[in-house]
Amino acid sequence: MHKEYSFQEIQDRWLPVWDQLKPFDSSKPSDERPTKYVLDMFPYPSGDLHMGHAEAYALGDVISRYWIQRGYNVMHPIGWDAFGLPAENAAIKRGLDPRAWTYENIAQQKASMRRYACSFDWDRVLQTCDPIYYRWNQWLFLEFYKRGLAYRKNSNVNWCPSCQTVLANEQVVGGLCERCDSSVTKKALTQWYFKVTEYADRLLDDLDTLEGKWPAKVLTMQRNWINRSQGANVDFVIEGRKDPITVFTTRPDTLFGATFMVVAVDSDLASELIVDASTEVRMSFVDYLESTKKANDIERLATDRPKTGLFIDRYAINPLNGDRIPVWVSDYVLADYGTGAIMAVPAHDQRDLDFALAMNLPVKSVIDSGEEDPAISGVATLGAGKAVNSGPLNGLAKEDAIAKAIEIVVEKNLGSAAKNYRLRDWLISRQRYWGTPIPIIHCEKCGEVPVPADQLPVELPDSAGLDLSPKGTSPLGAASDWVNVACPACSGPARRDSDTMDTFVDSSWYFLRFLSPNSTEFAFDPAEAKKWAPVDQYVGGVTHAILHLLYARFFTKVLHDMGMVDFQEPFTRLLNQGMVLMNGSAMSKSRGNLVRLSDQLDEHGVDAIRLTMAFAGPPEDDIDWADVSPAASSKFLARAWRIAQDVDSAVDVDVSSGDKSVRKATHQFLASFTESIENFKFNVGVAKAMELTNALRKAIDTGCGPKDPAVREGAEELAKALSLFAPYVAEDMWSMLGYEPCVANAQLREVQTDLLVEDTVIAIAQVDGKLRDKFEVSASITEDELREMALSSEAIKRAIGDKELANVIVRAPKLINIATK
RNA sequence: GCCCCGAUAGCCCAAUGGCAGAGGCAGACGACUUAAAAUCGUCACAGUAUGGGUUCGAGUCCCAUUCGGGGCACCA
């Protein structure tokens, strides 16, 4: 009696069974299996799951289930990145409680994930907005504070006028707010920072250890972001100023070519330098500074923008040749990079040359590169050449000249070798409600006082009665019951810090919290960390290539230095899945090309959607939903399912007596399937499963028939393999084959290599690289025999004709190529 | 402007330097059916973006060009 395939029926049958059996519990006490930690980037709970989640979790699940199938105890947890602006914006817009909104969405996503058959360990779950979680954000903040890695400073920070909050450098993309695309402006504020720059060298150098394990693209992006440059700090004496001005340069070998100095117009240094200037200069300066501040970063970053600047009537002395050079201010020098001041070497730096030509300043070439004089060509020469007009450096090549120049300034006590980074410290304060309160109390007498550890967590006050709308200061400041406290040090009146932490703090260490998600004793249990961490396989979108991954790496290194973990890198391997597009562009409601995941699941079933995600192409490529066919996936699954249904032999039948050619197909499949999955070629793995399905169909219908043990063997391996992609169908197949759940815990059969040995192969015979004949030969044929066979072939003789033989290449048993003269 | 990745059949994609096709979609035909759907089966279709080079042999390695995608771009 044959049943019809119904994905709905199958889903309904197995979901409750799995809920009961908990096949993915990674905390069984006497589990002897070796461990693997597979982690998907946790979602932000903004509504239900979408197609992007469906792809990411389908792929992460293939990996997780694969390792279980290979006999590992796999920890595959999930949680929610639950703090952040959308909850607050929803609250403002619709008058909801951010907390309630967040937990409702989490409940919905959780139910969807269960239905989607994600192999998550549902006993390891976390939500960053739970006090039990963010308490440890605060604890970590205080640990950082103790070590001088968390500090407060006043500076010009990125300000999003729409979100009404500050942004980290990393959250400003091309001058726009990453979140809302508003144009970002600058604002002077006192804010909290994490000292990432202290770890810059390690964050950069340790990327080498991830080579080949992380996508090259991500490594490049991280390197670009940190962007270390080596050079020297050099002091320039300023006329009429007590202290010299230090400049950073990567080209100290060009010091003799420095013909002027430029100070960032928006730096404190510039403001100080014009204090004693004439009224005229001061007025011009103020105008220039104002117009600079008004220009947003986009205008400022336009590379073809003409240079602007102002001579401020002051002079510096070139420390090597004693030249008196003018000091200018300009916006092409950045206030917060290096010292905010540069020595300008127009002959050998294009930016300086552009400035010099615009301002009619002298250009002095100090490298003989054989190219045209930059002053005439307008093109700065950067490359190789010997130093000229440079006193003691004359005749030296670049590297030697740099070394020598540093030696000289060190000798004269005018500078030293130095490094600089594009990476800035991480600004973590946010003027918003829905985040982790910063555990610091401000006391008039005692200043900054950390909240004592036994008073953690500092819980968020209820949002009821608070005005959450953005107004540039934290809504928490208005919660007077909450904000006014006694100083822990002197018991005098004091106020809590009312800012909350950037949510990237939450995600910088969540992968460790999964080790002991409910602990009230530790942020994470170090013994569990020894067992599981670091993460063996991390899966997520490339959108987090810089921000999240850099911060998580930073946290890991700090935790390492705190002695809490014994590794330096959090994620041993990283897989970036692509995006799901529709008709070539990202799905969005406004574009009208949104494909709803729930519709797809209703129409095709969970398995078909998951399989479609895996089969669409290499995981890192984008999937255009218009190019793939979930209906085809569904058709294939039904086909595979019918194979299991057709099998007509007992569970304990001796497979070794089965049909040889079918067994061979099965074991060839096993060999190629494992290889495909290990190399993340999931699409190829699925294709192999299709191939096996086709072979089994043929065997059942027109070959050895459904009773042959080899058909059972093939069907069993097919069910196990499919469980990575289509857990429901696979479980049903497994059941039809006479087994108890769960197929997920069944291990693939060992490949029986003796079945793979070919007795005969088809040998290719070429003449001058062109196929001329084929012979079926023994797999063990010798080179001589093959050569003999080819040379006596009529077709080969004809192809050679009367040409003379030049060379005969034999690759027994597969190929022979006869080259003629 | 600089750097990286890619380009294989109408489409999505495979192919340790060795017969260009594993798999799928769409297509044609056949079997089953009163018919259709479903199912099962058979078949066709490109010489690998372009131009050079290395090699006995190149989709694969090297160089250049075109197109597409991504990253960086006043960081001294």
Side-chain angles (χ1 to χ4, degrees), chain A residues 2 4-5 174 215-229 231 247-252 254 258 262 264 300-305 307 330-334 336-345 348-352 354-355 420-424 542 545-546 578 611-612 615-618 620-624 626-633 635-636 638-639 642 672 675-676 681 683-694 697-698 700-702 762-774 805-811 814-820:
Chain A
H2 279 234
E4 284 297 309
Y5 170 78
K217 187 171 148 184
V218 175
L219 296 177
T220 306
M221 285 167 79
Q222 294 240 336
R223 289 190 179 111
N224 282 344
W225 188 260
I226 298 167
N227 193 23
R228 175 170 59 200
S229 36
V247 302
F248 173 72
T249 176
T250 55
R251 296 297 302 274
T254 62
V262 186
R300 192 172 167 161
L301 288 177
T303 43
D304 50 357
R305 203 172 55 106
K307 294 273 185 288
S330 175
D331 62 2
Y332 88 91
V333 171
L334 305 177
D336 58 353
Y337 185 77
T339 58
I342 62 152
M343 66 175 204
V345 185
H348 309 297
D349 182 292
Q350 192 61 47
R351 298 156 297 183
D352 295 344
D354 293 344
F355 192 83
N420 250 305
Y421 308 88
R422 195 182 85 136
L423 178 73
R424 308 293 148 85
V542 73
I546 300 174
L611 185 79
T612 302
F615 185 54
E620 58 276 7
D621 288 5
D622 290 343
I623 298 173
D624 194 325
D627 289 337
V628 296
S629 171
S633 300
K635 194 172 125 187
F636 161 66
R639 190 170 155 88
R642 282 191 299 268
S672 57
E675 198 203 320
S676 302
K681 294 163 149 187
N683 54 331
V684 179
V686 173
K688 298 293 171 196
M690 289 172 168
E691 204 178 358
L692 176 63
T693 305
N694 293 344
R697 180 80 267 151
K698 201 170 203 168
I700 290 168
D701 289 350
T702 59
I762 304 293
I764 310 302
Q766 301 173 331
V767 175
D768 291 327
K770 291 195 182 69
L771 176 68
R772 295 300 182 191
D773 203 359
K774 298 181 188 186
L805 296 195
N807 198 1
V808 180
I809 283 83
V810 188
R811 295 281 177 275
K814 285 173 74 177
L815 178 127
I816 174 165
N817 187 16
I818 297 158
T820 62

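Here is how names work: the chains are called A, B, and so on, in the same order as the sequence lines, proteins then strands, and each is numbered from 1. Because only heavy atoms are used, hydrogens play no part in the values below, and waters and symmetry mates are left out as well, while side chains stay in.
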Choosing from [options], which nucleotide comes nearest the side chain of [X]?
X: D627(A); options: C56(B), C11(B), A76(B); answer: C11(B)
X: R639(A); options: A14(B), C19(B), C40(B); answer: C40(B)
X: F615(A); options: A76(B), C74(B), G24(B); answer: G24(B)
X: I809(A); options: A22(B), C19(B), G18(B); answer: G18(B)
X: R642(A); options: G24(B), C40(B), A76(B); answer: C40(B)

- Is it the case that K307(A) places NZ or CZ above or below the six-membered ring of F355(A), under 6.0 angstrom from the centre and within 45 degrees of the axis? no

Measure the distance from [atom1] on [X] to [atom2] on [N] and round it to the nearest whole Å.
X: I546(A); N: G71(B); atom1: CD1; atom2: P; result: 9 Å
X: K635(A); N: G23(B); atom1: NZ; atom2: C1'; result: 13 Å
X: D624(A); N: G69(B); atom1: CG; atom2: C1'; result: 14 Å
X: Q766(A); N: C56(B); atom1: CD; atom2: P; result: 13 Å
X: K698(A); N: G23(B); atom1: NZ; atom2: P; result: 10 Å
X: R697(A); N: G24(B); atom1: CZ; atom2: C1'; result: 19 Å
X: E691(A); N: A22(B); atom1: CD; atom2: P; result: 8 Å
X: L815(A); N: U16(B); atom1: CG; atom2: P; result: 16 Å

For [N], the Watson-Crick or wobble partner whose two distances fall under 3.5 Å:
N: A37(B); result: none
N: C2(B); result: G71(B)
N: A44(B); result: none
N: U50(B); result: A64(B)
N: U55(B); result: none
N: G21(B); result: C13(B)

Polar pair under 3.5 Å, donor/acceptor by atom type, side chain [X], base [N]:
X: N817(A); N: C56(B); value: yes
X: K217(A); N: C4(B); value: no
X: K814(A); N: C19(B); value: no

Just to be sure I understand the rule, does [X] reach a base, reach only the sugar-phosphate, or reach nothing, if contact means heavy atoms closer than 4.0 Å?
X: A616(A); result: sugar-phosphate
X: F636(A); result: nothing
X: Q350(A); result: nothing
X: N694(A); result: sugar-phosphate
X: A687(A); result: base
X: T220(A); result: nothing

- Item | Flag, side chain of D349(A) to backbone of A344(A), donor-acceptor distance under 3.5 Å | no

Please give the distance between the [atom1] atoms of [N] and [M] as a whole number of Å.
N: A22(B); M: C43(B); atom1: P; answer: 12 Å
N: A26(B); M: C67(B); atom1: P; answer: 35 Å
N: A44(B); M: G1(B); atom1: P; answer: 48 Å
N: G59(B); M: A7(B); atom1: C1'; answer: 11 Å
N: U48(B); M: G6(B); atom1: C1'; answer: 14 Å
N: C45(B); M: G24(B); atom1: C1'; answer: 16 Å
N: G17(B); M: U60(B); atom1: C1'; answer: 7 Å
N: C5(B); M: U42(B); atom1: C1'; answer: 40 Å

At less than 4.0 Å, is any side-chain N or O atom of [X] found next to OP1 or OP2 of [N]? Yes or no.
X: Y332(A); N: A76(B); answer: no
X: R223(A); N: C4(B); answer: no
X: K681(A); N: A15(B); answer: yes
X: R811(A); N: G17(B); answer: no
X: N224(A); N: C2(B); answer: no

- Syn or anti for G47(B) (syn when the glycosidic angle lies within 90° of 0): syn

Within a strict 4.5 Å, meaning less than it, do heavy atoms of the [X] and [Y] side chains meet?
X: R642(A); Y: R697(A); result: yes
X: R424(A); Y: D336(A); result: yes
X: E620(A); Y: V542(A); result: no
X: K698(A); Y: N694(A); result: no
X: T612(A); Y: S629(A); result: no

- Message: I'd like to know if the side chain of S229(A) pairs up with that of N420(A) as donor and acceptor (distance under 3.5 Å, no hydrogens or angles considered).
- Response: no

- State, without any angle test, whether R811(A) and N817(A) hold a side-chain donor-acceptor pair at a distance under 3.5 Å. no

- Query: Pick the nucleotide of RNA chain B nearest each of G617(A) and Y337(A); which residue has the one closer to the 5' end?
  - Reply: G617(A)

- Message: Can you work out whether V628(A) or T249(A) has the more 5'-proximal nearest nucleotide on RNA chain B?
- Response: V628(A)

